[in-house]
Amino acid sequence: MNLSLDGQHALVTGGTRGIGRAVVLALAAAGADVITCHRQDSEEAHSLARELKELPGDHHLVKADVGDPDDVDRLLDVCKSRFGTLDTVVNNAGVISHVPFAELPLAEWQRIIAANLTAPFLVVQKALPLLAETASIVNIGSRVATVGLPLRAHYTASKAGVIGLSRSLAKELGPRGVRVNVVAPGVIETEEAARLEPQEYEALQQRYRHMTALGRLGLPAEVASVVTFLASPASAYLTGEIIHVDGGI
């Protein structure tokens with residue numbers, strides 16, 4: 001199975017923390033040149049830049065908010081000037097909040113939809129002129145999109161929208177050889193989980209030991225390996241799919 005990405009150019013949104021960071025490092029380690037973006041200057045961004053310097057390839061970090069159309073234009077201009085073409089686009093950037101539906105403000109609904117659904121629309125649309133003939137678009141969804149979750153109606157709706165967007169794009173862009181798939185993680189052990197108090201962290205672990213077939217939380221690298229597969233020639237006949245990376249939740 002050929003998972004080499006030598007010679008590829010990739011864009012990953014929201015790549016400095018959690019799943020996004022793991023995806024950036026996995027694609028770079030597989031041989032791709034990677035551009036990623038982040039909204040704020042942070043130690044995570046600086047440390048990622050240092051890690052990428054240790055890997056072969058032409059890698060860049062861009063400060064950009066993909067919820068802002070002007071920032072998306074600027075981000076894609078960087079991709080065009082540095083790479084010329086894009087072989088892989090990973091829409092990972094997103095936000096979440098927990099609010100009872102009866103108390104959910106319209107502004108918060110709009111914020112979540114803009115970040116999780118409108119941003120992928122903007123990025124893909126602006127990236128179209130740069131996409132290679134066999135390009136792969138990977139949209140990071142969520143397992144909750146197909147099952148729902150209390151207090152997250154806005155988040156769940158946005159991720160369900162990502163599925164619809166991706167399946168429509170798979171059919172529309174398929175004739176030109178572009179593939180579009182969704183990777184839907186379950187509960188992943190990111191920095192947020194690590195910041196919990198010890199008793200809260202143990203309660204979280206205990207809950208998912210009982211809820212998942214594999215009895216544990218997932219790791220960002222385990223999501224990133226699936227994204228790498230979808231970026232590679234090994235998945236050349238795979239499009240319009242949702243791949244759940246959830247440990248059998």
Side-chain angles (χ1 to χ4, degrees), residues 1 3-5 10-32 34 36-38 42-52 54-55 57 59 61 88-96 98 116 136 138-147 149 152 155-156 159 162-163 181-232 234-235 238 241-249:
M1 183 180 292
L3 296 182
S4 171
L5 303 181
L11 167 64
V12 180
T13 68
T16 59
R17 299 187 297 124
I19 291 171
R21 185 188 190 98
V23 169
V24 168
L25 293 172
L27 296 181
V34 184
T36 190
C37 66
H38 56 102
S42 63
E43 175 51 33
E44 288 95 342
H46 296 311
S47 64
L48 177 63
R50 291 192 295 269
E51 285 190 63
L52 288 172
E54 301 300 316
L55 295 172
H59 312 302
L61 275 70
T88 298
V89 175
V90 182
N91 283 300
N92 168 76
V95 294
I96 189 172
H98 310 151
N116 295 350
S136 174
V138 182
N139 294 322
I140 304 299
S142 173
R143 185 67 177 88
V144 304
T146 55
V147 297
L149 203 63
R152 301 179 205 176
Y155 177 79
T156 302
K159 291 301 186 179
V162 167
I163 293 174
N181 293 286
V182 176
V183 172
V187 181
I188 305 300
E189 191 162 354
T190 59
E191 293 90 339
E192 285 74 16
R195 292 191 187 106
L196 295 174
E197 294 295 324
Q199 59 271 30
E200 293 177 313
Y201 179 76
E202 179 54 33
L204 180 69
Q205 291 280 0
Q206 187 65 28
R207 179 184 181 192
Y208 287 100
R209 287 189 193 108
H210 293 295
M211 287 182 64
T212 62
L214 295 180
R216 62 175 177 84
L217 278 68
L219 301 176
E222 293 171 323
V223 180
S225 66
V226 178
V227 176
T228 303
F229 164 70
L230 290 173
S232 77
S235 62
L238 185 64
E241 292 299 324
I242 308 168
I243 301 179
H244 294 112
V245 187
D246 64 4
I249 199 165

Check: What residues, two or more places apart in sequence or in another chain, satisfy side-chain hydrogen bond (donor to acceptor under 3.5 Å, both in side chains) together with Arg152?
Finding: His98
Next item on the list: State, yes or no, whether a side-chain contact exists between Val90 and Thr36 at a heavy-atom distance under 4.5 Å.
Entry: no
Next item on the list: Check salt bridge (charged side-chain N to carboxylate O under 4.0 Å, His left out) between Glu200 and all other residues, then give those that pass, not counting sequence neighbours.
Entry: none
Notebook entry, point to check: Listed by chain and number, what are the salt bridge (charged side-chain N to carboxylate O under 4.0 Å, His left out) partners of Glu54, not counting sequence neighbours?
Noted result: none
Check: Is there a side-chain contact (heavy atoms from CB on, under 4.5 Å) between Val245 and Val183 once you walk through the steps?
Finding: CA-CA 7 Å; Val245 187; Val183 172; 3.8 Å; yes
Notebook entry, point to check: Between atom CD1 of Ile163 and atom CD1 of Ile242, what is the distance when rounded to the nearest 0.5 Å?
Noted result: 3.5 Å
Checklist line | Residues which pass side-chain hydrogen bond (donor to acceptor under 3.5 Å, both in side chains) with Thr146, listed by chain and number, not counting sequence neighbours | finding: Arg143
Item checked: Shortest non-hydrogen separation from Ala22 to Ala221 and the atoms involved -> CB-N, 3.9 Å
Check: By side chain to side chain contact (heavy atoms under 4.5 Å, CB included), which residues pair with Ala28, not counting sequence neighbours?
Finding: Val34, Leu52, Leu55, His59
Notebook entry, point to check: Heavy atoms, side chains only, cut-off 4.5 Å: are Asp246 and Thr212 in contact?
Noted result: no
Notebook entry, point to check: Mind checking what makes side-chain hydrogen bond (donor to acceptor under 3.5 Å, both in side chains) contact with Asn116, not counting sequence neighbours?
Noted result: Ser158
Margin query: By the salt bridge (Lys or Arg N to Asp or Glu O under 4.0 Å) test, which pairs, at least two apart or in different chains, include something from residues 211-222?
Written below: Arg216-Glu222
Notebook entry, point to check: Hey, are the side chains of Leu238 and Asn181 touching, using non-hydrogen atoms and a 4.5 Å cut-off?
Noted result: yes
Note to self: Applying side chain to side chain contact (heavy atoms under 4.5 Å, CB included), can you list everything that pairs with Ala45, at least two apart in sequence or on another chain?
What the structure shows: Thr16, His38, Ser42, Leu61
Note to self: Just to verify, what does Ala234 make a side chain to side chain contact (heavy atoms under 4.5 Å, CB included) with, not counting sequence neighbours?
What the structure shows: Met1, Leu3, Phe229, Ser232
Check: Do Val162 and Asn91 have side chains that get closer than 4.5 Å, going by heavy atoms?
Finding: no
Next item on the list: Give the minimum heavy-atom separation between Ser47 and Arg21, together with the two atoms involved.
Entry: OG-NH2, 2.8 Å
Notebook entry, point to check: Are Val23 and Asn92 side-chain neighbours, meaning at least one heavy-atom pair lies under 4.5 Å?
Noted result: no
Checklist line | With Thr228 via side chain to side chain contact (heavy atoms under 4.5 Å, CB included) - residues at least two apart | finding: Leu5, Ala26, Leu27, Ala30
Note to self: Can you give me the closest heavy-atom contact between Leu217 and Gln205, atom names plus distance?
What the structure shows: CD1-OE1, 3.5 Å
Item checked: Straight-line distance of Thr88 OG1 to Leu230 CG, nearest 0.5 Å -> 9.5 Å
Check: Which distance, rounded to the nearest 0.5 Å, do you find between the CD1 of Ile96 and the CG of Leu149?
Finding: 7.5 Å
Check: Shortest non-hydrogen contact from Leu48 to Gly15?
Finding: CD2-O, 3.2 Å
Notebook entry, point to check: Can you list the residues that meet the side-chain hydrogen bond (donor to acceptor under 3.5 Å, both in side chains) rule with Gln206, with sequence neighbours excluded?
Noted result: Arg209, His210
